[in-house]
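Encoded as structure tokens, the structure appears first; notes follow it.
None of these values were measured; they are calculated from a predicted model. Side-chain atoms are counted along with the backbone in the values below, which use heavy atoms only and exclude waters and symmetry mates.
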Amino acid sequence: MNKGEEFTFVIKEQLGVLATFSTGWKKEVNIVEWNGNGGKVDIRDWSPSHEKMSKGITLHKEEARKLMDALGVYFEKDNEASSSDAKSE
């Protein structure tokens with residue numbers, strides 16, 4: 001797809017809001033179908049009406065699972081560091 005070309009999207013499922021900004025825009029995790037293709041996990045900022053969007057990231061289901069696993073490892077390490085800090089106080 002070239003810059004400026006038309007595209008279609010359908011938000012099939014809203015999974016969650018990660019942040020809400022003073023402008024009313026929200027950073028959301030959704031399942032989105034782009035150009036009639038199967039739904040993918042999508043993370044990006046959306047206007048309140050969902051007519052405008054920022055650049056974002058779209059992941060196939062397996063990529064989203066790998067991201068979830070990687071974040072789980074990251075937060076597990078973070079929790080271990082927090083626990084050891086609390087014990088040393």
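Interatomic distance, E6 CD to T8 OG1, rounded to the nearest 0.5 Å: 9.5 Å. Taking NZ from K26 and CZ from F21, the interatomic distance works out to 11.0 Å, rounded to the nearest 0.5 Å. Of the inter-residue distances, the one linking F9 atom CZ with N30 atom CG reads 10.0 Å to the nearest 0.5 angstrom.
With contacts defined as side-chain heavy-atom distances shorter than 4.5 Å, the pair I11/I31 does not qualify.
The salt bridge (charged side-chain N to carboxylate O under 4.0 Å, His left out) analysis of residues 27-36, with sequence neighbours excluded, yields the pairs K27-D45.
L18 and V32 fall into different hydrophobic clusters, where Ile, Leu, Val, Met, Phe, Trp and Tyr are joined by side-chain heavy atoms under 4.5 Å apart, directly or via other members.
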For a quick test of your reading: what N or O donor-acceptor pairs under 3.5 Å do the side chains of residues 55-75 make, sequence neighbours left out?
from: T58; atom 1: OG1; to: D42; atom 2: OD1; distance (Å): 2.8
from: T58; atom 1: OG1; to: R44; atom 2: NH2; distance (Å): 3.4
from: E63; atom 1: OE1; to: H60; atom 2: N; distance (Å): 2.7

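Between P48 and G24 the shortest heavy-atom distance is CG-O, 3.5 Å.
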| task | Evaluate side-chain contact (heavy atoms from CB on, under 4.5 Å) for W46 paired with E51, printing each intermediate quantity in order. | result | CA-CA 8 Å; W46 290 90; E51 292 176 5; over 6 Å; no

| task | May I have the step-by-step check of side-chain contact (heavy atoms from CB on, under 4.5 Å) for V10 and K12, ending in yes or no? | result | CA-CA 6 Å; V10 177; K12 299 302 283 184; 3.6 Å; yes

